[in-house]
Each structure stands twice: as C-alpha cells, then as structure tokens.
Amino acid sequence: MHEFFLPVIARAVEAAGIVTENPIRIEQPADKKFGDFSTNIAFLAAKELRKNPRELAQQIIPHLSFPPDTIAKIEVAGAGFINFYLTPLFIMQSVEQVLLYTDRYGEGASGKGKRAIVEYVSANPTGPLTIGRGRGGVLGDCIANLFATQGYDITREYYFNDAGRQMQILGESVKLRYRELCGQIVEFPATHYQGDYIREIAEQVFNDHGAALAGTEEVDLFKNTAESIIFSAIRATLERLGIRHDSFFNEHTLYTPDETGTTANQRVIEALGEKEFISKYDGATWFMTTKLGQEKDKVLIKSTGEPSYRLPDIAYHLTKYKRGFDVIVNVFGADHIDEYPDVIEALKILGEDTSRIRIAINQFVTTTVDGQSVKMSTRKGNADLLDDLIDDVGADATRLFFIMRGKDSHLNFDVELAKKQSRENPVFYLHYAHARICSLLRLAKQEIGFDPHSDPDYHLLRLLDNPAEIQLGFALLDYPDMIKTSLRLLEPQKMVEYLHSLAELFHRFYQECPILKAEPEIARARLFLSLATRQVLRNGFRILGVSAPESM
RNA sequence: GCGCCCGUAGCUCAAUGGAUAGAGCAUCAGCCUUCUAAGCUGAGGGUUACUGGUUCGAGUCCAGUCGGGCGCACCA
C-alpha cells in the first residue's frame with residue numbers, strides 16, 4: 001500500500017510547487033477516524049519553508065490524483081495531517097491479490113540479485129545448546145526467512161571453532177571422566193566442564209576402548225569424540241526447531257596456510273600493518289584502537305603466539321566480503337556486545353563497506369516456573385537446556401515465545417504458560433484461528449460444495465461491505481508492508497503482533513458474519529475472505545517457522 | 001569507574017518523533033436451539049522511573065539522576 005500512495009503524493013507535492021528535502025512517509029493512524037493512511041509531509045515541509053502546515057496541506061490536496069474508486073475521502077485534519085480513506089470496494093478488490101499470489105503473497109523483489117549471509121547460533125561444540133542460544137537461533141532463522149521473502153539469495157551460516165583452548169579443556173574434561181570410569185581417582189578442576197554430558201561422552205569412549213586409554217596423555221581422541229557427539233546433538237536440537245544452516249564455517253581454516261604459505265589471520269595483520277594500525281609490545285601484537293579514541297589497544301596475537309579471538313573474527317568477516325555478500329547480518333547475544341565494534345573498525349580501516357553489516361543483538365532469557373524467575377547460567381552444569389524446553393513446551397511454543405518479545409527486551413519465558421493448551425497461550429490463539437478456518441472450509445465443501453479452485457470467482461469479494469469484513473480485508477493488505485517493516489528492523493516480533501491482530505480480526509468477522517448460512521454469493525465471498533486470511537496466516541507462520549494445524 | 005540494553009496498566013509486553021499511550025493475561029458484566037465458546041462484546045485499571053532540554057508535536061531524541069540486566073582478559 002505504501003507503494004500505492006508514495007508516488008501520488010510525491011507528484012502532488014511537486015505539482016503544488018512545494019520543494020522539500022523531506023522524505024514522504026505514510027503511516028497508519030492508530031485511530032481509524034483519522035483515516036486508513038495519513039502523511040505528515042505538510043508539517044515537515046512547513047518547518048523547512050517556514051509556512052503554515054495546514055495551508056500547505058490544502059495546496060497539496062487538489063493535486064492528489066488516484067485511480068477512480070480507490071479513495072473515498074481525503075482531508076486535512078489536526079494541525080496539518082493529510083488523511084486518506086480507502087473505499088471498501090478498493091480494499092476488497094485488493095484482497096483478490098492474496099488469492100492470486102497464494103504462497104508468494106507478500107513477497108517483494110528488493111533483494112533480487114543480491115546475496116545475504118545471516119550468521120547465527122555459532123556456538124562452539126563444547127556442550128549442548130542452552131535456552132539462551134535458542135533465542136538467537138530462532139531470531140536468526142526468522143530474519144533469514146524475512147530476507148528470503150524479498151528475493152535475496154540467502155546463506156545461513158554457523159561459525160564455530162574446534163581448535164581453541166575451550167575445546168582443549170573439553171577434551172581434558174572427558175579424559176578425566178574417562179579415567180574415573182577406569183577406576184582412577186581424579187581431581188576434577190572447577191574450570192572444567194561440569195555437565196553430565198561429559199560423563200556420557202566418557203562412557204562412549206569407555207565402551208569403545210575399554211580401559212586401554214587410561215594412561216594416555218593424549219587428549220585429541222577425547223576431544224574429537226566429544227566434538228562429534230556434541231555437534232550432532234546441537235544439530236539435532238536445531239533440527240527440532242526447524243533450524244538448518246547452509247554452511248558451517250570452521251574458524252580453524254583461518255589458521256591454515258594457503259598456497260602462498262600465509263594464513264588469513266596473517267593477512268589481516270599485514271593489511272592492518274600497512275595502514276599503521278599494528279604495534280608490537282609486551283610480547284604481543286596489538287590492534288591500535290587507541291588511535292580510534294579507545295582507552296586501550298586490543299590484543300590480536302598473544303605473547304604465546306596464538307591469535308586472540310578478535311583476529312580470526314576480522315579475518316572471518318573479510319571472507320564474507322570476499323565471498324561476495326551484499327548484506328551481512330550477524331545475530332548474537334548480549335554477552336558479545338563488545339565484540340563487534342573492533343571488528344567493524346578494522347573492516348573500515350581495510351576499506352570495506354561496513355554499511356552492509358547489520359547486527360541483531362538479543363537480550364538474555366530468564367525462565368519463569370511457577371511464577372519464580374530462574375536465571376540462566378552458562379558453563380556450569382546447571383544451565384537450562386534447549387532440548388529440555390522443547391520437550392516441555394514443544395517446538396512451536398519455543399519458537400514463538402522466543403520472538404514474541406522485542407529482541408532488546410529481556411525475555412521472560414513463562415514455561416507454565418507455554419505449556420497451557422488454553423486461551424492464555426498466544427500459540428493457541430494463532431493456531432486456533434487457522435484451524436477454525438480449515439474447519440470452516442471443510443464444512444463449506446461438504447455443505448455447499450465450495451471449491452475455490454474449480455470456480456475462482458474472486459470478484460464476489462466486492463460484495464462485502466460489513467465493517468468487520470472491511471477491517472479484516474484491510475489487515476490482509478497490510479501484510480506485505482509488515483514484512484518489510486519486520487525486515488528493516490530485524491524484528492520478527494512485529495510479525496507475531498501482526499498475525500495476532502489478524503487472528504483477532506478474523507474471530508470478530510466470524511462472530512458477526514454468518515458464512516454458510518448467508519445467501520449463496522455472500523457465502524462464497526465470505527469464504528474467499530476466510531481463504532485469504534488463512535493464506536496470510538500460513539505465509540506468516542512460515543516466516544516464523546511455526547506449524548499451521550488443520551484442526552485442533 | 002567505562003560501554004551497550006531495559007524501566008510504560010496488578011502481571012507479561014506494544015506503540016517508523018504524530019492526533020485521546022494500546023494489546024494479552026488477571027478482575028468484573030454480558031453472548032452458544034446457529035459454521036470449532038480454544039471464540040466474541042463491554043467495563044474498570046496510567047503523573048510512560050525521576051529532573052531538565054530540543055520542537056508545531058516527546059513514551060520515543062539529547063543531558064543528568066535513580067533502579068535492573070549484560071559486558072569491560074594476552075577466554076571465545
């Protein structure tokens with residue numbers, strides 16, 4: 001709809017002789033009495049030109065030229081808003097688009113020919129996924145889905161490191177538990193991984209090798225076994241939520257020399273060195289962030305000779321440019337908040353276009369059980385596992401609860417609520433609307449032989465003019481703009497809210513307008529409206545990754 | 001101490017700088033001889049943490065204060 005209004009308004013502003021730098025924006029007034037759409041361009045131009053906004057609005061209006069039968073009324077309201085009222089005919093006529101485009105309704109072409117990479121989850125294989133990771137995983141997955149709707153060629157990437165110190169400690173942890181199984185008495189340090197899964201992996205090694213490795217100092221076998229078991233567990237958990245990555249990027253490749261004998265990490269040091277942002281002191285190699293106004297330089301290569309995490313991070317992001325991505329999205333939790341500014345700075349220095357990078361940071365998750373807040377903790381054995389949560393509330397509720405709050409809000413995951421098979425649970429409210437429509441359409445086929453495909457006389461929609469019908473139809477037209485808004489803000493929550501309000505409008509329509517009992521043409525028209533609603537619900541559910549049950 | 005996020009109805013949360021700050025849950029009052037009542041209609045409930053500032057207009061932007069969360073390693 002924005003695309004419908006913007007050019008007309010732009011032409012009218014120009015025709016009225018108003019020259020303004022301000023972008024024209026369309027908004028939907030909260031209150032329908034101010035119209036279906038409205039623009040504040042007169043305010044913006046008035047400020048710039050030092051004129052009266054109401055007068056400017058009056059000058060613009062005569063030049064607004066819309067196709068016939070689309071706009072019922074245009075008026076100046078308040079101090080200078082221009083409000084537009086659509087005709088019911090235009091709204092219901094537009095709903096036909098939903099039925100024509102079906103699964104592709106809402107898609108756009110702004111990403112056509114562009115490649116986007118969304119990096120999310122990216123947990124190192126040191127343990128099972130926690131609930132906190134789940135939020136980022138679902139957020140990233142939905143964001144990737146949103147990009148895909150606009151025609152982007154999308155790559156979902158998982159970045160991991162199986163060579164660092166944490167992995168070494170993981171191997172050690174398994175080795176110690178293995179030795180316990182061999183009957184040795186071992187001291188298990190607090191710095192090691194405490195979780196029960198370590199014991200399970202040790203048992204696996206013990207089953208395979210017996211006590212033959214009891215004396216070895218080697219940790220690789222323990223580490224590799226652990227990595228393989230943990231990674232497949234992580235992937236299985238993600239799979240349960242419908243999260244599948246296209247690409248797993250191993251940080252280790254950045255440490256591997258290419259044909260010229262240099263590593264990606266080394267090339268970063270060289271390139272930053274050429275820009276005079278590298279300094280060596282205290283036995284380490286530093287990124288001179290003090291030259292950028294920061295308090296301290298940042299270590300890129302430790303005095304041990306190992307790179308710190310920042311160096312491969314920079315090298316990794318350079319690969320995203322080298323691989324030709326037009327849009328680079330990183331999704332991570334609030335604990336990584338300090339990580340990206342240095343990477344961005346380095347990329348800037350190296351001449352990359354950092355405006356291509358979008359960062360989505362999600363705040364932490366607490367779970368509430370019996371009204372008691374339980375704080376998540378990591379690296380201890382007591383971290384809440386994502387798998388347990390999915391067991392408890394199911395994949396749909398897990399996904400929806402993770403994204404039904406803004407990503408900047410601390411999420412309070414009410415486990416009891418998510419489990420409830422009742423009205424308080426928003427998952428059920430959405431599902432119910434869909435199932436109700438399915439049930440209605442089944443009955444329509446049975447009772448009056450309704451088959452939308454054999455006789456697609458969608459134009460019957462134009463017979464509808466009840467306020468409940470018009471409001472529902474209007475909401476359906478809003479869907480494409482809603483996708484764009486969610487994408488622009490990297491915020492799937494907008495979509496959840498939209499679908500909730502759509503479900504609400506449908507229920508009201510269903511309550512107020514008899515469908516099968518109406519006269520035949522009206523009945524068909526209302527069934528088409530229901531069909532269109534189901535289509536938009538489905539399309540939205542697909543973006544959010546929740547199921548669309550046919551019955552409940 | 002420094003950086004980022006948050007503070008809105010009893011609870012959980014919305015509100016691209018716009019018009020009378022909205023939903024859900026909870027509470028109260030109605031609606032099933034009629035297509036799924038897992039639904040709908042209505043009511044009550046607010047000094048948007050606080051103090052200033054910016055402007056036609058501030059929950060939103062800026063400064064400061066208070067409160068909560070997360071970071072601030074030659075860990076990732």
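Numbered from 1 within each chain, the chains take letters A, B, ... in sequence-line order.
Looking at heavy-atom distances under 4.0 Å, E504(A) makes contact with sugar-phosphate atoms alone, never a base. Across all strands, E447(A) comes closer than 4.0 Å to no nucleic acid atom at all (heavy-atom distances). Within the 4.0 angstrom heavy-atom criterion, base atoms lie near E27(A). As judged by a 4.0 angstrom heavy-atom cut-off over every strand, C513(A) is placed among the base-contacting residues. Among the protein residues, H431(A) comes within range of no part of the nucleic acid, since none of its heavy atoms lies under 4.0 Å from any strand. Here S551(A) lies in heavy-atom contact (under 4.0 Å) with a base. S38(A) comes within 4.0 angstrom of a base, heavy atoms only. Among the protein residues, G406(A) comes within range of the sugar-phosphate backbone only, with heavy atoms under 4.0 Å from sugar or phosphate atoms but none that close to a base. Heavy atoms of D282(A) sit under 4.0 angstrom from at least one base atom. Using a 4.0 Å heavy-atom cutoff across all strands shown, A79(A) reaches no nucleic acid atom at all. Among the heavy atoms of the strands lying under 4.0 Å from Y510(A) is at least one base atom, whether or not backbone atoms are also near. Looking at heavy-atom distances under 4.0 Å, E251(A) makes contact with sugar-phosphate atoms alone, never a base. Base contact: H410(A) has a heavy atom under 4.0 Å from a base atom. When heavy atoms are screened at a 4.0 angstrom cut-off, S303(A) is found touching base atoms of the nucleic acid.
Of the candidate nucleotides U36(B), C74(B), C4(B), C4(B) has the atom lying nearest to any side-chain atom of I337(A). For E497(A), the listed nucleotide lying nearest its side chain is A14(B); candidates were U16(B), U36(B), A14(B). Of the candidates C40(B), A19(B), C13(B), the closest approach to any side-chain atom of H507(A) belongs to C40(B). Across C35(B), A14(B), A76(B), the shortest atom-to-atom separation from the side chain of K494(A) is found for A14(B). Here U34(B) is the nucleotide among A19(B), C74(B), U34(B) with the atom lying nearest to any side-chain atom of K517(A). For R508(A), counting side-chain heavy atoms from C-beta on, the closest listed nucleotide (G24(B), C40(B), A19(B)) is C40(B). Ranking C74(B), A14(B), A76(B) by closeness to the N161(A) side chain, first place goes to A76(B). Considering only the side chain of Y432(A), U36(B) comes nearest among U12(B), C2(B), U36(B). If you check C5(B), A14(B), C74(B) against the side chain of R405(A), the one that comes closest is A14(B).
Judged by ring centres under 5.5 Å apart and planes tilted less than 30 degrees, Y429(A) fails to stack against the six-membered base ring of G24(B). Ring-to-base geometry places F34(A) in a stacked arrangement with A19(B) (centre distance under 5.5 Å, plane angle under 30°).
Toward the 5' end of RNA chain B, the nearer of the two residues Y281(A) and Q511(A), judged by each one's closest nucleotide, is Q511(A). In terms of position along RNA chain B, the nucleotide closest to I26(A) lies nearer the 5' end than the nucleotide closest to the other residue of the pair N124(A) and I26(A).
From I437(A), atom CD1 reaches atom CZ of R534(A) across 7.5 Å, with rounding to the nearest 0.5 Å. Here the straight-line distance linking atom CG of L502(A) with atom CG of L537(A) works out to 5.0 Å at 0.5 Å rounding.
The gap from the P atom of A21(B) to that of U65(B) amounts to 31 Å, rounded to the nearest Å. With both ends at atom C1', the span from A26(B) to U12(B) equals 11 Å, rounded to whole Å. Rounded to the nearest Å, the gap between the C1' atom of C74(B) and that of C13(B) is 43 Å. Between A49(B) and U60(B), the two P atoms lie 8 Å apart (nearest whole Å). Spacing of C1' atoms, A76(B) relative to G71(B), comes out at 13 Å, to the nearest Å.
The existence of a salt bridge linking R524(A) and E519(A) is excluded, since no basic side-chain nitrogen approaches an acidic carboxylate oxygen closer than 4.0 Å. At a threshold of 4.0 Å, the pair R165(A)-E306(A) does not count as salt-bridged, since none of the basic side-chain nitrogens sits closer than that to a carboxylate oxygen.
One donor-acceptor pair, N or O on each side, does fall under 3.5 Å between the base of G18(B) and the side chain of N40(A). For A76(B), the base has a donor-acceptor partner in the side chain of Y309(A) [N/O atoms by modelled type, under 3.5 angstrom]. On a pure distance criterion of 3.5 Å, a polar donor-acceptor pair joins the side chain of N83(A) and the base of A19(B).
In this structure, K73(A) satisfies the cation-pi test against Y85(A), with its NZ or CZ atom closer than 6.0 Å to the six-membered ring centre and inside 45 degrees of the ring normal. In this structure, K32(A) satisfies the cation-pi test against F474(A), with its NZ or CZ atom closer than 6.0 Å to the six-membered ring centre and inside 45 degrees of the ring normal.
In this structure, K302(A) reaches the C75(B) phosphate: one of its side-chain N or O atoms is under 4.0 Å from OP1 or OP2. Between S409(A) and the phosphate of A14(B), there is a side-chain N or O to OP1/OP2 separation shorter than 4.0 Å.
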I would like to know whether F81(A) and F34(A) meet ring-ring contact (aromatic ring centres under 6.0 Å, His included); could you show each step before the answer?
-> CA-CA 9 Å; F81(A) 292 101; F34(A) 297 121; 7.5 Å; no
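Taking 90° from 0 as the syn/anti boundary, the base of C32(B) is oriented syn.
The neighbour count for E521(A) CD, taken as heavy atoms of other residues, nucleotides or ligands under 6.0 Å away, does not exceed 12. Enclosure of atom NZ in K419(A) by more than 12 non-hydrogen atoms of other residues, nucleotides or ligands within 6.0 angstrom is indicated.
Under the Watson-Crick or G-U wobble criterion, with both distances below 3.5 Å, G3(B) is paired with C70(B). The base-pairing partner of G42(B), taking Watson-Crick or G-U wobble contacts with both distances under 3.5 Å, is C28(B). Judged by Watson-Crick or G-U wobble contacts below 3.5 Å, the nucleotide G18(B) has C56(B) as its partner. Across all strands shown, U33(B) forms no Watson-Crick or G-U wobble pair with both distances under 3.5 Å.
One atom, CG of D342(A), and another, P of A73(B), lie 12 Å apart when rounded to the nearest Å.
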